[in-house]
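Everything below concerns the one structure shown next.
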Amino acid sequence: MKVLGFNFFNRPARTVAKELLGKIFVRNFRGKIFTGRVVETEAYLGSEDPASHAGNGLTKRNSVMFGKPGVAYIYLCYGFHFMMNVVTDKEGLAGAVLLRGVEPLSGLKGKVPNGPGKLAKAFKLGKKENRLSLVPKNGIYFAEDGYKDFKIVITGRIGIKEGQNMPLRYYIEGNKYVSKTGRRK
DNA sequence: TTACCGATCGCA
DNA sequence: GCGATCGGTAAA
């Protein structure tokens, strides 16, 4: 099993979002290991994407999206829910991939993180983990185990105003752990 | 300093 | 269909 490194994330958000499907998300929380297979992602771009946090230029919050790839961008939304993103694209260029759904593999004890909010909660991700680098020493990283026998479906993103949506959502066809709200067309 | 609102979820 | 609840952002 190979850990995904800097070069994997140092590419356009669309590419990373697509290739992250089927990979394994690993979270080491105080000695406990949580793992899950990535089954659903969304890509967020920079200035060309009005739905992205980075769509209106650089601010304090989104500055991490302009920084080094392979860094966690975790944001509190609607006052309740954290969203787990991975920064992509080379430094200076905004881009991120949102994790919307994973299939639980180990350490998740019956939890079904089918949705970005629940996912972050199940993996114990919060404000503290924002801006952490996805280098194994920080306890958050992605790994590759050769799983690639699946079909990728591309649709519009979820929760985005009409008119500024783009087909940047990727998921594994037929997977039970793709979020339900996300399954609608 | 204040007012507004969002990449959501669970319950009715 | 709606309310919960908080931090970033822009305007004053």
Original post:
Where each residue is assigned the nucleotide of DNA chain C containing its nearest heavy atom, which of A:Phe80 and A:Lys127 is assigned the position nearer the 5′ end?
Top reply: A:Phe80

Subject >> A:Arg61 CZ to B:dG6 P, straight-line distance once rounded to whole Å >> reply: 11 Å

Heavy atoms from C-beta onward define the side chain here; which of [options] lies closest to that of [X]?
X        : options              : value
A:Lys118 : B:dA7, C:dT9, B:dG10 : B:dG10
A:Lys60  : B:dA7, B:dT8, C:dT9  : C:dT9
A:Leu76  : B:dT8, C:dG7, C:dT9  : C:dG7
A:His53  : C:dT9, B:dA7, C:dG7  : B:dA7

Original post:
Is A:Thr59 near enough to C:dG8 that one of its side-chain N or O atoms lies under 4.0 angstrom from OP1 or OP2?
Top reply: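 No, because none of the side-chain N or O atoms of A:Thr59 sits under 4.0 Å from OP1 or OP2 of C:dG8.
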
Original post:
Taking only N and O in the side chain of A:Lys121, is any of them less than 4.0 Å away from OP1 or OP2 of B:dT8?
Top reply: no

Original post:
Where each pair must be Watson-Crick or G-U wobble with both distances under 3.5 Å, what dot-bracket representation of DNA chain C is obtained, with crossing pairs in [ ] and other-strand partners as |?
Top reply: ||||.||||||.

Subject >> B:dA7 base stacked by A:Tyr44 (centroids within less than 5.5 Å, tilt under 30°) >> reply: yes

Original post:
Is a donor on one side and an acceptor on the other found under 3.5 Å between the side chain of A:Glu42 and the backbone of A:Ile158?
Top reply: yes

Original post:
When all nucleic acid strands are considered with a 4.0 Å heavy-atom cut-off, which category describes A:Ile160: base, sugar-phosphate, or nothing?
Top reply: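 Sugar-phosphate, no base atom in range.
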
